Amino acid sequence: MRILSFGDALPVKIYKRHSSFDKAVNFGDAGFCVCAVLPKVKQGPSTIVADNLDLFKNCSQIEITNEGVIINGVLYKKPENIYKSEILTQTLNLKQFKINCKNLLNCAKSTNAPQSLLVIFNKSLEPSFCNSFEKALLARYNQIIKEAENYEALLNLKGLGPGLTPAGDDFIAGVLTAMNFLEKVLPKDFKEEKNFLYKNLVTKNVLSALGLKMAYEGRVFERFKDLICLLAADNTADFNNIVNDIISCGATSGADTLAGFIFVLFTEVLNADKRHN
Amino acid sequence: MALDKLLKQELNAINIGLKSFQDTFDSFHAPSVSLEWKPPVDVSMEAAGIIKENRAVIEEANKEALAKILAAKPLLIDMAQAKDVIPGMRKTLFLHAGPPVTWERMCGPMKGAVIGAIIYEGLAKTANQAQLLIKSGLIEFAPCHEHSSVGPMAGLISYSMPVFIVKNETYGNVAYCTMNEGLGKVLRYGAYGREVVKRLKWMERVLYPVLRDAVKYAGPIDLKNLIAQALHMGDEVHNRNRAGTSLFYRAVAPAIVKTCSAKKKTIDVLNFINGNDHFFLNLSMAASKAGLDAARNIPGSSVAVVMARNGTDFGVQLAGTGGTWFTGPAEVPDALYFAGFSKADANPDIGDSAITETNGLGGFAIASSPSIVQFVGGKPDDALNYTKQMYEITAGDNNVYQVPYLNFRGTPTGIDVIKVVEKGIFPFIDTGVAHKEPGIGQVGAGVLSAPSLPFKNAFEGLAQTFKQQ
Amino acid sequence: MLIKGIIKKGAYFDSVSLMLTAQKASSLEGVRECSLVMGTNENKSILKTSDMLTPEFEAAVDSDLIIAVKAENDELADKALAQIEKMLKKSDDSPQGSSFKPRSIEGALKVLPNANIAIISVAGKYAAKLADEALDKGLNVMLFSDNVSVEDERSLKLKAAQKDLIVMGPDCGTAIINGVPLAFANNVNKGDIGCIGASGTGLQEVTCLVSNNGAGISQAIGTGGRDVKEAIGGIAFLQAVEALKQDGNTKIILLVSKPPHKDVLYKILESLKHAGKPVVSVFLGGEHEADYGQFNVTNCATLEEAALRAVNLSKNLEFVPLNDDGELERIAYEEAVKLKPEQKYLRGLFSGGTFVSEAQIVLNDIGEISSNAPMGNNKKTDNPLLSEGHTVIDFGEDEFTVGRPHPMIDFTLRNKRIIAEASDGTTAVILLDIVIGYGANMTPVEDIVPALNEAKNTALSNDRYIPVVACVTGTDMDPQNRSHVVKELQNAGVIVMHSNAQACRLAGKIIKAVK
């Protein structure tokens with residue numbers, strides 16, 4: 001087995017096996033989680049990318065050390081280059097940025113992500129909520145978004161929806177990520193909003209907890225890092241590939257996170273002008 | 001509900017004691033694991049309480065101790081005669097391995113080595129004369145460890161003996177060790193015959209000056225680097241030093257040729273080093289000593305800085321307990337004996353060479369040395385398990401010494417006496433076994449566990465230091 | 001149309017599998033709708049809005065998976081749920097074994113991070129410290145070891161209770177947790193009777209009787225005999241009562257113990273008052289008169305009665321006291337006529353301590369009994385190695401066990417005694433218990449039959465016949481197989497009864513028939 005990438009937010013300690021899937025094996029300890037994944041899942045702040053997961057699948061725990069990861073007593077060293085999850089501060093061409101945000105929104109609107117929270121931007125997804133649970137869920141989504149006069153109201157989304165990490169949790173992670181991003185590029189401060197959402201969102205689901213913690217700390221997964229680069233670039237980019245890439249994560253997780261991310265862009269960047277008018 | 005964890009989860013059992021209970025779990029496919037349980041070391045309740053109370057302080061102190069051990073940079077800088085460099089060296093002072101021991105309590109090989117060293121120093125001509133001299137009270141004994149030195153087996157260092165000077169460049173402290181005499185009838189196994197003394201004299205008059213000049217010429221030799229390479233080449237630098245010796249030979253041979261003008265001397269010296277697979281042992285010991293001495297005097301630390309045996313007692317010193325020796329009887333090892341010898345022939349464990357284990361080498365690094373495992377009667381898997389088990393009683397992983405088979409994981413380093421006592425897991429020492437009669441030499445080799453008493457005493461001794469505060 | 005579902009704890013499936021499974025499940029036969037969601041409060045509220053919430057889903061938490069189906073009928077719902085569980089591909093394969101053997105609890109937890117119990121059977125003086133360490137690591141403890149001090153037992157149990165853990169023991173020989181027998185226990189049917197026992201053999205007997213009579217066990221929690229004494233105050237017993245009260249799988253609670261201390265008994269009864277489920281108890285030789293009915297408890301005289309009452313409750317049947325008098329009288333008469341006039345005494349040789357108590361209770365009408373573990377007014381034997389008059393011996397007492405395995409494992413001493421009793425001209429009947437199951441002797445037939453044959457021959461050479469009456473505590477699912485053991489014993493001439501109480505009654509009737 002070869003370790004291809006190591007996240008930059010992997011606290012040194014012992015993690016017990018939490019869950020194991022085809023492309024990912026998760027290890028947890030006290031609300032924090034380390035994910036060993038195959039390359040196609042891409043890098044992340046607490047992710048170890050390996051070319052083969054057999055060893056991870058066959059061990060009951062792993063130990064993260066300063067040198068790397070110890071599996072069944074054997075040390076697998078971390079690679080020279082570790083994945084840096086920080087969002088970098090950059091200067092922005094505001095005009096271009098708005099164009100990019102708009103393009104991203106349009107792209108997301110025309111994307112088919114059934115049963116995801118992108119439905120709040122794309123009404124054509126509504127028929128994908130078919131059974132009574134899904135219909136009730138959709139009604140709840142719409143109600144919350146409609147009543148969301150401030151970000152605090154988004155907390156009502158927590159724990160809602162399908163998926164191993166409930167859609168609402170993913171959405172809020174997307175919101176936090178967008179806030180951290182905007183703080184870096186615009187003269188904005190979301191400290192209070194971030195604190196409110198994060199501190200009040202207590203979950204026993206360690207995978208949700210991990211996503212939220214990373215988002216709160218401004219650590220982003222590789223796909224979102226790519227997205228942020230495209231958004232901040234001083235040219236008009238095509239968002240189709242990256243959006244498709246993001247929504248291919250999980251059943252709806254990627255789409256839900258993206259929805260939260262776009263929600264903030266929409267409110268802060270696209271709708272901001274209207275508000276001032 | 002009440003008792004959620006028991007009644008609402010699948011039963012996952014840890015079985016401690018009767019092995020047959022495990023079979024039931026197996027037939028019900030209930031995940032379970034049986035402990036290889038051994039009674040723990042019986043420390044006093046008071047000491048256990050004090051240690052528990054101060055655990056946080058101890059952990060901090062141990063971190064510091066480990067950091068110092070890992071930061072060591074032992075360099076072979078020079079050579080000299082003991083009288084010129086070892087602090088407090090006198091003509092009548094004889095340094096020996098292990099904790100302090102009186103002549104009366106010395107084991108056979110140690111007594112033989114003392115006699116040999118007295119004759120070598122010219123203080124007596126025969127063994128009888130030497131013994132009379134000892135009984136007259138004129139001869140003093142002290143542990144090598146109390147004079148910044150180490151010695152393998154009997155570990156004798158006397159006034160005229162040449163020693164390596166190893167300096168820990170990080171902290172400036174220095175350690176000394178003699179040159180290895182080779183196998184067979186040698187002083188460290190208690191032989192004191194004419195040929196033994198003759199070899200020692202040759203080492204003093206020929207080997208020492210030639211090697212000294214070469215070492216000086218070659219410049220400081222980085223022993224940590226040599227040891228790290230040797231581990232990758234199948235040594236654990238206690239019981240196997242073939243790679244280390246070869247690397248050292250490569251480092252000094254060109255310098256010897258360069259600095260020694262007498263051809264015969266050159267040939268003899270090169271052949272001597274080349275012909276002794278254990279030549280490097282004394283250097284790995286001195287390097288370990290120089291590294292560990294820097295971690296002394298860290299109040300509260302339960303990390304061992306010395307494990308040493310004199311053939312009668314096994315002694316331990318801790319970073320947090322100054323110069324105090326904690327001892328217990330040295331045991332006769334259950335080793336693999338050479339043809340013609342048995343446990344009945346064996347002397348209790350002897351030598352300062354356990355300083356290598358104290359430094360994360362030897363038995364602690366045995367997973368690096370599959371060939372030595374065969375020599376001591378085991379399988380490569382055993383070696384892996386020995387090393388893996390040592391991680392349970394050490395303060396951390398080494399930063400430079402690595403085990404290739406564990407994917408270059410650092411060797412377990414910094415023996416934590418509290419973990420030893422609480423888990424009942426004792427340090428593995430990968431060692432040679434001496435014949436109990438002087439001068440017969442090595443009769444076997446094995447991987448043995450250190451005895452429990454010195455660790456119990458050290459645990460209680462450390463607790464005392466908190467009481468005195 | 002009805003809603004049915006399950007909560008899966010600690011099993012994690014990736015979101016894609018969850019979604020695909022939910023889609024596929026919707027097309028299963030008779031299934032109207034299906035949802036697979038994590039059990040957050042918010043999702044529960046959506047389930048409620050969509051009429052898919054059942055009361056049991058309330059217990060689910062953030063990290064649990066709820067599987068809910070709306071189906072045409074119960075059968076189809078169950079079928080669908082089974083299908084769904086199959087569909088959820090379980091990729092979570094357990095770690096492979098390695099030759100590395102942990103030496104500490106800490107090390108063991110690295111190999112088995114989900115461990116929830118430590119079974120400790122090391123020498124008593126080390127056991128308490130290990131148990132304490134296990135509790136510190138969040139493990140429940142079954143303390144098989146004895147010779148643990150009362151002080152240690154008390155402080156361990158208090159510590160455990162604070163952490164919602166339990167210490168079963170010390171000297172706890174038997175438990176069955178989530179269907180897995182621990183230490184000396186049997187492979188019994190699963191069912192709705194939850195047992196708590198301060199007596200190991202008692203717990204084995206009732207769980208086997210329940211199982212052999214067609215009902216089953218949800219949990220059998222041992223507490224160790226001393227738990228119900230004043231010094232411990234029933235800490236573990238009360239915890240177990242609380243747990244079984246709340247346990248959805250337990251419909252009937254069955255208590256087995258030697259008589260608890262009066263205060264402890266009342267504490268237990270008080271906690272059962274509002275149990276909301278029927279409680280059956282047997283306090284062997286209960287000295288305290290208590291108005292059990294007032295506390296919703298049906299108290300019984302023997303293990304057998306308690307077990308059968310619980311079985312009837314489980315099957316929703318009226319309890320009719322077992323009436324085997326006629327049959328036993330007949331057998332007793334047939335045996336008695338073969339005896340000589342001087343054959344007058346009963347000799348009970350037991351490996352299970354609780355059986356010795358039960359025997360003395362059942363046999364209270366045959367005259368004075370000597371025992372090395374006497375109850376009530378019975379006489380303490382002058383010499384446990386020598387029988388005199390009616391005698392019942394507990395081979396588990398210290399005088400027989402020092403330096404040897406438990407008599408349930410090692411038959412040597414009792415075998416010798418069987419032969420000795422056979423050569424005693426006054427022996428009228430030999431009464432035995434054979435306990436099988438996990439932890440017990442794996443070859444009971446091979447080990448006891450030679451002694452029985454020798455006893456028979458010894459008697460025969462003196463022109464005597466001595467009936468041997470025995471019970472076999474165990475089930476057909478035990479590795480020794482009860483039916484097999486019974487058949488082989490019968491072939492060796494032993495009269496085998498269903499329970500120890502029944503065996504005792506028969507032996508008593510033989511004695512009385514001789515008179």
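None of these values were measured; they are calculated from a predicted model. Naming: A, B, ... by sequence-line order, numbering from 1 per chain.
Top candidate by heavy-atom pairs under 4.5 Å with chain C, chosen from B:Thr24, B:Val33, B:Leu384, is B:Thr24. Looking only at heavy-atom pairs under 4.5 Å with chain B, the residue among C:Ala134, C:Ala59, C:Gly138, C:Gly439 that has the most is C:Gly138. If you tally non-hydrogen atom pairs under 4.5 Å between each of C:Ala240, C:Ala243, C:Ala160 and chain B, the highest count goes to C:Ala243.
Only the backbone of B:Ser32 comes within contact range of chain C, judged by heavy atoms closer than 4.5 Å. Contacts between C:Glu106 and chain B at a heavy-atom distance below 4.5 Å involve the side chain alone, from C-beta outward. Contacts between C:Asn249 and chain B at a heavy-atom distance below 4.5 Å are absent for every atom of the residue. C:Ile105 touches chain B through backbone and side chain together, each having a heavy atom under 4.5 Å away. Only the side chain of C:Gln219 comes within less than 4.5 Å of a heavy atom in chain B; its backbone stays farther off. Interface residue C:Asp164: backbone and side-chain heavy atoms are both found under 4.5 Å from chain B. For chain C, the nearby part of B:Ala30 is the side chain; its heavy atoms alone come within less than 4.5 Å. Proximity to chain B (any heavy atom under 4.5 Å) is shown, for C:Asn114, by both the backbone and the side chain. Both the backbone and the side chain of C:Ile120 come within contact range of chain B, judged by heavy atoms closer than 4.5 Å.
Summarising the local packing, OH of B:Tyr405 is surrounded by 12 or fewer heavy atoms from other residues, nucleotides or ligands at distances under 6.0 Å. More than 12 heavy atoms of other residues, nucleotides or ligands lie within 6.0 Å of NZ in C:Lys163, so this atom counts as buried by the packing criterion. Within a 6.0 Å sphere centred on NZ of C:Lys190, heavy atoms belonging to other residues, nucleotides or ligands number 12 at most. Other residues, nucleotides and ligands contribute at most 12 non-hydrogen atoms within 6.0 Å of the NZ atom of B:Lys63.
No salt bridge links C:Asp152 with C:Lys129; every basic N to acidic carboxylate O contact stays at or beyond 4.0 Å. Look at C:Asp136 and C:Lys159 and you find a salt bridge, because one of the NZ, NE, NH1 or NH2 atoms lies within 4.0 Å of a carboxylate O, short of that distance. Using a 4.0 Å cut-off between charged nitrogen and carboxylate oxygen, C:Lys8 and C:Asp64 do not count as a salt-bridge pair.
What you find for B:Ala304 and B:Leu318 is that their closest heavy atoms are CA-CD2, 3.8 Å.
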